Participant: 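Supplied in structure tokens, the structure appears directly below.
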Amino acid sequence: MESVFALVDCENFYVSCERVFDPSLRERPVAVLSNNDGCVIARSEEVKAAGVPMGAPVFKWREELDAMDAAVLSSNYTLYGDMSRRVHALVEEEALALEHYSIDEAFLTLPDLSRPHLQQVADRLRRKILRRVGVPIRVGIGPTKTLAKVADENAKARKRAGWGPGTYVCPDEPEREELLSRVPVGDIWGIGSAYEETLHEKGVVSAAGFRALPDPWIRSEMTVVGLRTAWELRGRSCLDLELVRPDRKTMIRSRSFGGRVESKAGLREALAKHAQRAAEKLREEGRVARGIKTFITTKRFGDPPYYSNGLAASLSTHTARAAPFVKASRRLLEPIYRDRYRYKKAGVMLYDIRPARPHQESLFGRRRCRDERLMDAVDQINRRYGARSVGLAAAGLPGADGPLGRSWSMTRQRRSPRYTTRWDELPVATA
DNA sequence: TCTGGGGTCCTAGGACCC
DNA sequence: TCTGGGGTCCTAGGACCC
């Protein structure tokens with residue numbers, strides 16, 4: 001059966017989740033912040049209209065946000081993750097097949113019906129999610145993923161202009177050409193700021209202009225990735241649904257510091273925390289890793305001089321135990337650490353990851369069993385009594401001031417309750 | 001004072017091998 | 001005066017995404 005692609009995109013997802021459970025937010029502008037409460041990563045329409053960009057540092061926009069009486073919230077990923085699961089489950093009921101593309105987006109395939117018919121399907125889906133989850137979605141439909149994205153963008157633009165409910169089906173040629181001539185080239189999925197600049201220099205400003213470029217030029221300037229995008233815009237599908245998520249190849253755990261860290265001891269503690277968390281995550285996923293890279297950086301804005309460095313190593317065996325990674329992170333810090341820099345961020349990356357095959361870790365069978373039981377116990381205690389109730393001393397003691405002191409601590413001061421995943425944080429209805 | 005965190009893919013170039 | 005022609009593997013860097 002012929003099929004078409006649809007993209008379901010939750011509108012201002014994090015803001016919408018917050019508004020489901022706190023109706024007072026529905027009448028107010030809302031911004032949701034990144035970890036550390038540093039940047040704005042989700043904005044209600046009012047906040048967008050005021051010009052606050054995605055990723056904007058909140059301190060720079062404090063006045064604007066205050067002036068419009070915006071609610072400024074810390075992010076609550078537990079809540080968003082659970083809401084995302086609900087949306088995906090309902091969308092799946094309507095789909096031939098579904099790809100969980102991101103926390104707030106899903107690609108799906110639908111039967112290739114007439115355009116008015118597809119429009120009905122999209123509108124029905126939107127009503128259903130709104131009624132049963134409370135989150136408004138947009139739906140864009142087209143013959144390829146990239147054109148479904150274009151349709152979704154168009155649905156957004158039309159809705160802002162007061163023309164539609166937030167659903168749109170990509171038309172056939174020649175109307176499609178007319179639509180693409182109005183899409184700025186930088187708005188195409190797969191064209192970021194660097195390629196946008198290259199294309200502008202060539203005098204190409206619209207999606208229609210881009211897809212008309214000769215293949216060899218696109219291939220040489222933008223690799224096969226760019227070429228696929230052009231073909232998709234011409235209606236030839238090159239990107240399939242990814243029905244099973246491929247196993248991850250790397251895992252990064254990193255954080256910016258609340259303040260600045262200069263001492264080696266401070267960095268050591270931070271890296272140990274990250275290594276420990278990464279190993280914990282590995283165990284959660286039933287995987288083991290062998291490669292580890294540590295990196296430290298002073299950040300890029302102001303505050304010179306800039307320094308950034310990293311170093312990688314391979315352990316003697318695949319593992320998911322914390323201690324080898326913590327030890328390695330300490331060793332790898334030595335050659336890259338430089339005195340007198342004010343470090344802003346540190347992290348570890350694990351690579352060479354594969355599924356754990358039970359009882360194959362190393363020759364030291366007895367030792368391994370003991371360590372495995374220890375890690376099981378650690379995970380159980382942390383699940384029961386809260387994250388990081390126990391851990392390695394190298395990663396600092398909970399609540400104690402290690403070398404990192406307060407500069408480490410992550411601020412998340414305005415997080416809303418985890419309404420849907422914690423019994424003690426359920427919303428209360430009063431009659 | 002204050003600027004997120006986590007991923008993927010592709011290419012070029014070097015090391016090494018036969 | 002002259003520098004093979006393939007391969008593979010690895011890494012760094014650049015591009016993109018949400």
Side-chain angles (χ1 to χ4, degrees), chain A residues 7-14 31-43 52-63 65 72 74-75 77 80-81 84 99-107 145-146 149 152 185-199 218-229 238-239 242 245-260 274 277-278 281 285 291 293 295 297-303 306 308-314 342 344-353 406-407 410-413:
Chain A
L7 174 67
V8 165
D9 182 357
C10 299
E11 291 185 317
N12 314 329
F13 183 54
Y14 298 170
V32 177
L33 306 181
S34 61
N35 284 317
N36 272 331
D37 291 344
C39 301
V40 176
I41 55 165
R43 304 155 294 158
V52 179
M54 176 70 176
V58 67
F59 74 91
K60 271 194 181 169
W61 293 87
R62 190 83 256 169
E63 271 180 38
L65 291 166
V72 178
S74 302
S75 43
Y77 287 105
Y80 312 149
S84 172
E99 170 185 343
H100 294 244
Y101 179 64
S102 75
I103 196 167
D104 66 340
E105 285 173 64
F107 278 109
K145 277 179 154 181
T146 306
K149 273 275 191 185
D152 172 59
V185 75
D187 288 1
I188 301 168
W189 186 47
I191 309 255
S193 58
Y195 286 155
E196 181 184 26
E197 198 177 320
T198 307
L199 288 161
I218 300 174
R219 169 71 233 241
S220 77
E221 297 295 318
M222 303 171 66
T223 82
V224 298
V225 180
L227 196 52
R228 278 198 286 259
T229 299
C238 305
L239 304 169
E242 288 182 19
R245 205 164 51 136
D247 286 348
R248 69 154 87 231
K249 301 184 171 82
T250 62
M251 180 190 302
I252 295 172
R253 283 297 175 272
S254 70
R255 279 272 185 286
S256 296
F257 300 124
R260 292 290 198 276
H274 291 315
R277 276 170 22 98
K281 183 78 180 165
E285 296 182 355
K293 176 178 183 176
F295 53 91
T297 173
T298 65
K299 246 334 199 183
R300 18 185 225 282
F301 308 99
D303 205 23
Y306 175 69
S308 174
N309 207 346
L311 192 60
S314 202
R342 306 174 67 215
K344 181 58 185 164
K345 183 177 183 177
V348 307
M349 181 175 92
L350 305 188
Y351 58 94
D352 195 356
I353 295 175
R406 288 191 309 118
S407 50
M410 184 163 81
T411 47
R412 190 177 282 174
Q413 293 175 350

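No experiment lies behind these values; they were computed from the predicted model shown. Labels below follow one simple rule: chain letters A, B, ... track the order of the sequence lines, proteins then strands, and each chain is numbered from 1.
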Participant: From B/dG5, C/dC18, C/dC16, pick the nucleotide closest to the side chain of A/Ser256?
Facilitator: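 Of the candidates, B/dG5 comes closest.
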
Participant: For A/Tyr77, does its backbone N or O pair with a side-chain atom of A/Ser75 as donor and acceptor, under 3.5 Å?
Facilitator: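 Judged by distance alone, no pair lies under 3.5 Å.
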
Participant: Are any of A/Lys249's side-chain N or O atoms less than 4.0 Å away from OP1 or OP2 of B/dC9?
Facilitator: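 Checking A/Lys249 against B/dC9: at least one side-chain N or O falls below 4.0 Å of OP1 or OP2.
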
Participant: Without decimals, in angstroms, what is the distance between A/Met54 CE and C/dC17 P?
Facilitator: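 That distance rounds to 12 Å.
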
Participant: Can you tell me how far C1' of B/dC9 sits from OH of A/Tyr195, to the nearest Å?
Facilitator: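 Between C1' of B/dC9 and OH of A/Tyr195: 10 Å.
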
Participant: Sequence neighbours left out, what passes side chain to side chain contact (heavy atoms under 4.5 Å, CB included) with A/Ser314? Give chain and number order.
Facilitator: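 If we apply the side chain to side chain contact (heavy atoms under 4.5 Å, CB included) test to A/Ser314, skipping adjacent residues, the hits are A/Arg290.
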
Participant: Is any side-chain N or O of A/Thr250 closer than 4.0 Å to OP1 or OP2 of B/dG6?
Facilitator: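 No, outside the criterion.
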
Participant: Report yes if at least one side-chain N or O of A/Arg255 is closer than 4.0 Å to OP1 or OP2 of B/dG4; otherwise report no.
Facilitator: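 No, no such contact exists.
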
Participant: Round to the nearest Å and state the distance from A/Arg43 atom CZ to C/dC18 atom P.
Facilitator: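 To the nearest whole Å, that distance equals 13 Å.
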
Participant: Just jot down the side chain to side chain donor-acceptor pair (under 3.5 Å) partners of A/Glu105, sequence neighbours excluded, or say none.
Facilitator: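 Listed in chain order: A/Lys149.
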
Participant: Roughly, in whole Å, what's the span from NE2 in A/His274 to C1' in B/dG4?
Facilitator: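 A/His274 atom NE2 is separated from B/dG4 atom C1' by 13 Å.
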
Participant: Using the closest heavy atom to pick a nucleotide of DNA chain B for each, name whichever of A/Ile252 or A/Ile41 lands nearer the 5' end.
Facilitator: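 First, find each residue's nearest nucleotide; the 5'-ward one identifies A/Ile41.
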
Participant: Output all residues satisfying side chain to side chain donor-acceptor pair (under 3.5 Å) with A/Ser308, sequence neighbours left out; order by chain, then residue number.
Facilitator: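 Side chain to side chain donor-acceptor pair (under 3.5 Å) check on A/Ser308 returns nothing, list empty.
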
Participant: Contact class for A/Lys281 (heavy atom, under 4.0 Å): base, sugar-phosphate, or nothing?
Facilitator: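 Answer is nothing: A/Lys281 stays at 4.0 Å or more from every strand.
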
Participant: Specify the separation, in whole Å, of atom NZ of A/Lys344 and atom C1' of B/dC2.
Facilitator: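 One finds 8 Å between C1' of B/dC2 and NZ of A/Lys344, rounded.
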
Participant: Any sub-3.5 Å donor-acceptor pair from A/Thr229's side-chain atoms to A/Val225's backbone N or O?
Facilitator: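 It does hold such a pair.
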
Participant: Is the shortest side-chain N/O distance from A/Ser254 to OP1 or OP2 of B/dG6 below 4.0 Å?
Facilitator: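 So the side chain of A/Ser254 is within the cut-off, an N or O lying under 4.0 Å from OP1 or OP2 of B/dG6.
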
Participant: Considering every strand and a 4.0 Å limit on heavy-atom distances, what is the contact class for A/Ile191: base, sugar-phosphate, or nothing?
Facilitator: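 Sugar-phosphate, backbone atoms only, no base.
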
Participant: For the residue pair A/Lys345 and A/Phe257, would you count it as a cation-pi contact if the rule is NZ or CZ under 6.0 angstrom from the ring centre and within 45 degrees of the ring axis?
Facilitator: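 No cation-pi geometry.
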
Participant: Mind checking A/Arg253 for me? I need base, sugar-phosphate or nothing, with any heavy atom below 4.0 Å counting as a touch.
Facilitator: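 Contact class for A/Arg253: sugar-phosphate only.
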
Participant: With sugar-phosphate meaning primed atoms plus P, OP1 and OP2, does A/Ser220 contact a base, only sugar-phosphate, or nothing at under 4.0 Å between heavy atoms?
Facilitator: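 If one applies the 4.0 Å heavy-atom cut-off, A/Ser220 turns out to touch nothing in the nucleic acid.
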
Participant: Could you run down nucleotides 10-15 of chain B 5' to 3' and tag each one B, S or - for protein heavy-atom contact under 4.0 Å?
Facilitator: SS----

Participant: Using atom CG of A/Asp247 as one end and atom P of B/dC9 as the other, report the distance to the nearest whole Å.
Facilitator: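 Whole-Å distance recorded here is 12 Å.
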
Participant: Grab the OH-C1' distance between A/Tyr306 and B/dT3 for me, whole Å please.
Facilitator: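 Computing the A/Tyr306:OH to B/dT3:C1' distance gives 14 Å.
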
Participant: What contact category does A/Met251 fall into here, base, sugar-phosphate, or nothing, at under 4.0 angstrom with non-hydrogen atoms?
Facilitator: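 Counting heavy atoms under 4.0 Å across all strands, the contact made by A/Met251 is with sugar-phosphate only.
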
Participant: Would you give me the side-chain donor-acceptor pairs under 3.5 Å for residues 186-197 of chain A, sequence neighbours excluded?
Facilitator:
residue: A/Trp189; atom: NE1; partner: A/Tyr101; partner atom: OH; Å: 3.4

Participant: For A/Ile188, which contact category applies under a 4.0 Å heavy-atom criterion: base, sugar-phosphate, or nothing?
Facilitator: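 Sugar-phosphate only.
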
Participant: Using the criterion of both pairing distances under 3.5 Å for Watson-Crick and G-U wobble pairs, give all stems of 3 or more consecutive pairs involving DNA chain B.
Facilitator: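 The stems that DNA chain B takes part in, listed by first number, are B:5-18 with C:5-18.
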
Participant: What is the nucleic acid contact for A/Lys293, judged by heavy atoms within less than 4.0 Å: base, sugar-phosphate only, or nothing?
Facilitator: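 The residue A/Lys293 makes no contact with any strand.
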
Participant: Could you give the CG-to-C1' distance, from A/Asp187 to C/dC17, as a whole number of Å?
Facilitator: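 Spelled out: CG on A/Asp187 to C1' on C/dC17 is 15 Å.
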
